[in-house]
Q: 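Handing you a structure now.
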Amino acid sequence: MRLIITEKDNAARRIAEILSEGSASASRQNGVNVYRWGNTRVVGLSGHVVGVDFPEEYNDWRDVEPVELIDADVTKEPTQENIVTTLKQLAREADEATIATDYDREGELIGKEAYELIREETDAPVDRVRFSSITEREVRDAFANPDDIDFDLAAAGEARQIIDLVWGAALTRFLSLSARQLGDDFISVGRVQSPTLKLIVDREREIQAFDPEDYWEIFADLQKNGSGFEAQYFYDDDGKEAERVWVEDDADDAYADLTGVDAATVTSVRRRTRTDSPPTPFNTTAFISAASSLGYSAQQAMSIAEELYTTGYITYPRTDNTVYPDDLEEDALLDEFVGAGHFGEDAEKLLEQDDITATEGDEETTDHPPIHPTGEIPPKVDLSDDEWEIYELVVRRFFATVAEAATWEHLRVVADAGGRSLKANGKRLVEPGYHEVYPYSSASENHVPDVEEGEELAISEVRMEAKQTQPPRRYGQSRLIQTMEDKGLGTKSTRHNSIEKLYDRGYIEGDPPRPTTLAMAVVEAAEEFADHVVSDEMTARLEADMTAIANGEESLDTVADESREMLKRVFDELRDSREEIGEHLQESLKADKTLGPCPKCGEDMLVRRSRQGSYFVGCDGFPECRNTLPLPSTGEPQVLEDHCEEHDMHHVKMLAGRDTFVHGCPRCEAEKADESEDEVIGPCPECGVAPEEQRGDGDEAEGGELAIKHLRSGSRLVGCTRYPDCDYSLPLPRNGDISVTEAFCEEHDLPELVIDADSDDPWELGCPICNYEEYQARTAVEDLEDLSGIGSATAEKLGDAGVDSLAALREADPDIVATEVQGVSATQVREWQDELEA
DNA sequence: GCAAGGTC
């Protein structure tokens with residue numbers, strides 16, 4: 001039997017299709033897809049299926065000195081048991097095996113890991129094929145010319161694994177132990193995350209140190225044929241043109257001169273034609289950046305792209321390449337879009353061009369083609385609005401790369417008024433070119449009318465504006481990813497995750513991300529004692545070492561040992577400063593949790609966590625002062641910069657994914673609840689007076705009533721007046737005025753409610769019981785979507801079939817028990833759905 | 001429980 005191993009299931013399926021000419025069939029083994037035809041089997045891994053770690057005896061952070069990790073063994077253990085088992089079972093039957101993982105360094109290492117698992121079972125020959133895109137031609141070529149695994153290249157990847165683990169784990173444990181942060185809130189550092197964090201921290205330092213300067217700008221409106229245009233005052237600053245006037249008296253003088261005359265005389269008119277080249281093909285970074293200008297975070301953009309890739313509508317979204325492969329036929333791909341409603345006309349127009357040649361970027365790699373549509377076009381109804389918007393972006397980017405350049409006409413007019421110079425720059429799009437098919441990049445014009453030298457233009461108004469220089473801007477997520485790429489930090493697959501990790505670790509907040517006090521302290525500590533780990537030089541050095549290993553000039557052991565020696569020297573420095581570092585980190589952690597002074601004793605009020613795990617606001621003077629305030633029960637609290645004037649307290653935001661909301665000032669919220677009275681609306685269905693026939697034998701009518709209640713934590717609910725004896729309750733929305741209407745629900749004996757009755761668009765919530773029942777039915781379907789990553793249409797169908805939870809899914813198919821929730825692909829869910837329907 | 005890198 002011949003065994004072929006790919007990096008992912010999708011690649012396995014497509015390679016099987018190509019090599020078998022469509023005759024391959026799929027079956028499942030230990031929950032893993034295996035494609036087969038004749039004597040051949042193809043199995044897809046899930047990236048790395050083994051991972052590096054320390055032996056078990058190093059697991060306890062308290063028992064092991066962090067420095068001991070430096071010389072600890074590094075072992076490789078399976079992390080994807082099902083796939084490893086399947087691979088080994090298949091290997092036992094194999095006479096030959098072919099590694100067909102991705103064509104890059106990490107792919108070589110993943111291939112070598114598969115090779116070693118195969119070697120545990122058989123001595124059958126193992127070869128390696130390399131291809132940059134899964135097209136018929138490339139795949140057939142590759143399989144016709146097999147090569148060997150490049151063990152040196154794989155060793156380069158292993159050096160990275162070992163160095164990252166040893167540095168990351170040893171320093172992470174050291175900082176966490178020194179600050180006594182051992183739970184979920186440990187303090188992490190790493191080769192990629194820490195230099196990335198330093199970028200953000202350095203920018204914040206510049207902002208904090210920034211000293212704004214005053215300057216003035218002067219504008220004049222000039223008239224031509226009854227319509228006006230704006231011109232700006234400028235002067236010659238040592239041969240350079242300057243618009244900013246730094247001295248107020250100078251600005252006043254210029255303003256006085258300009259207002260002293262009624263007209264300006266045109267002294268020069270210059271026209272220039274500029275070519276505006278179409279953009280280059282999308283790699284991951286360029287894609288994230290384009291999606292970000294549509295309002296998507298890096299993480300959102302990538303997960304939508306991954307979904308579009310798995311469903312077959314776009315190519316692999318993780319790529320460094322910006323040059324389309326030779327066998328991408330641009331006109332054939334355009335042809336697919338002809339007649340496809342939304343895109344048809346644009347595709348036809350592009351096909352009419354004399355020459356269809358795509359642009360090329362600077363980066364040409366072997367990993368994957370640039371991101372482009374596959375030519376399989378989804379019906380719009382099958383995608384969510386977001387998915388469609390991203391899909392359209394990818395399609396239009398492809399269109400743009402084969403479209404013609406745009407041309408602009410630039411018009412520059414200089415005029416003299418009272419001895420002062422004015423200028424106006426106009427911009428007109430003469431040939432729209434690619435802008436016609438790619439509306440995302442700016443094509444805005446600035447109208448300046450045709451004028452001639454010597455012409456007199458009336459001045460209708462002169463304005464002087466006092467301004468201040470602005471501090472540098474914070475990095476936005478896509479700018480940060482771009483900078484990481486420039487500095488070689490992370491990879492196309494990991495950069496967006498690294499940023500997400502900084503959020504999770506409590507190092508950055510908000511968008512654009514701001515560093516927390518803790519982040520500043522971590523970077524400071526690292527700069528002082530382990531400068532290497534916050535500098536991008538560590539990555540540069542590692543890259544150089546990896547290249548040397550890949551070229552056979554250095555050995556993995558030498559490189560790893562040198563790195564270990566370097567880390568030992570770092571620990572020599574750290575040893576004596578443990579206390580000092582710990583204290584600094586602890587103070588910073590406290591600063592991030594501080595809301596303001598306690599009204600009872602003046603100490604700080606802090607966000608704290610109870611033993612049960614819920615958050616509340618408590619006084620730092622505990623146990624002497626026992627003052628507390630409640631916080632909402634959902635989400636992780638985050639202290640905002642916003643501030644309540646009345647109570648001198650920072651506002652709090654509760655982070656809970658899509659349910660994130662701003663709680664505001666905890667004292668205001670508590671006081672609001674104290675001042676409001678419960679509003680009774682009807683009988684409690686659990687313990688109120690109900691008609692005799694609706695009551696079960698054991699039920700007792702205690703006379704409980706339902707009331708609208710405001711809790712001190714800021715939440716509102718409809719609850720029983722006999723609480724806590726009866727804990728019946730229904731949730732109400734957090735925001736908006738609640739009013740009770742005349743309309744009445746006969747079934748539940750309750751009035752209908754309206755939220756925000758005063759606004760133009762009130763929400764008619766209706767009977768609170770009916771509303772809650774509808775809400776539960778709706779969220780069951782949403783939960784299912786979240787669990788399985790399936791589309792809403794499928795989830796609804798499953799809901800209709802009575803499957804409303806993962807547990808129900810498992811009941812329907814015991815095989816699912818072995819599958820990780822996150823590992824459930826859309827294809828699998830569709831299979832289960834088919835089974836259920838049959 | 002630590003990293004970064006694959007993958008879902």
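Just so you know, these numbers use all the heavy atoms, side chains as well, and skip hydrogens, waters and symmetry mates. Order of the sequence lines fixes the chain letters, A, B, ..., with proteins taken first and strands second; residue numbering starts at 1 for each chain.
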Q: As a test of reading the structure: which of B:dC8, B:dT7, B:dG5 is closest to the side chain of A:N497, going by heavy atoms?
A: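 My answer, after comparing the listed nucleotides, is B:dT7.
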
Q: Counting side-chain heavy atoms from C-beta on, which of B:dG5, B:dA3, B:dT7 comes nearest to A:T494?
A: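 Taking heavy atoms from C-beta onward, the closest nucleotide is B:dG5.
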
Q: Identify, between A:L165 and A:N10, the residue whose nearest nucleotide on DNA chain B lies closer to the 5' end.
A: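 The residue mapped nearer the 5' terminus is A:L165.
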
Q: Does anything in residues 184-194 of chain A reach DNA chain B, meaning a heavy atom under 4.0 Å, and if so which residues?
A: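 Within this stretch, A:F186, A:S188, A:V189, A:G190, A:R191, A:V192, A:Q193 sit under 4.0 Å of the strand.
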
Q: Taking atom CD of A:E537 as the centre, report whether more than 12 heavy atoms of other residues, nucleotides or ligands fall under 6.0 Å from it.
A: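 No, not enclosed.
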
Q: For A:G490, which contact category applies under a 4.0 Å heavy-atom criterion: base, sugar-phosphate, or nothing?
A: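 Here A:G490 touches the backbone only, sparing every base.
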
Q: The side chain of A:T172 lies closest to which of these nucleotides: B:dC2, B:dT7, B:dG5?
A: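 Selected nucleotide (nearest to the side chain): B:dC2.
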
Q: May I ask you to verify whether the side chain of A:D53 and the base of B:dC2 hold a donor-acceptor pair under 3.5 Å?
A: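 Present.
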
Q: Answer yes or no: does atom CD of A:E56 have more than 12 heavy-atom neighbours from other residues, nucleotides or ligands under 6.0 Å?
A: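 Open: at most 12 neighbouring heavy atoms sit under 6.0 Å from CD of A:E56.
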
Q: Would you say the side-chain atoms of A:S188 and A:Q193 include a donor-acceptor pair closer than 3.5 Å?
A: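 There is such a pair between these side chains.
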
Q: From B:dG5, B:dG6, B:dC2, pick the nucleotide closest to the side chain of A:I110?
A: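 For A:I110, the side-chain atoms sit closest to B:dG6.
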
Q: Please state how far atom CD in A:E500 lies from atom C1' in B:dA3, giving the value in whole angstrom units.
A: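 Distance, rounded to whole Å: 17 Å.
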
Q: Under 3.5 Å, is there a donor-acceptor pair linking the side chains of A:N10 and A:Y316?
A: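 The answer is no; no qualifying pair exists.
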
Q: Looking at the side chain of A:D164, which of B:dT7, B:dA4, B:dG6 is the nearest nucleotide?
A: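 The answer is B:dA4.
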
Q: Round to a whole Å and report the spacing from CG of A:L567 to P of B:dA3.
A: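 Spelled out: CG on A:L567 to P on B:dA3 is 15 Å.
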
Q: Look only at the side chain of A:N82 and the backbone of A:G31, and say whether a donor-acceptor pair between them is shorter than 3.5 Å.
A: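 No; judged by distance alone, with no hydrogens or angles, the pair does not exist.
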
Q: Hey, is A:R318 close enough to A:D104 for a salt bridge, meaning N to O under 4.0 Å?
A: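 Salt bridge between A:R318 and A:D104, a charged N being under 4.0 Å from a carboxylate O: no.
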
Q: Of the candidate nucleotides B:dA3, B:dG5, B:dC8, which contains the atom at the shortest distance from the side chain of A:H48?
A: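 The answer is B:dG5, which lies nearest to the side chain.
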
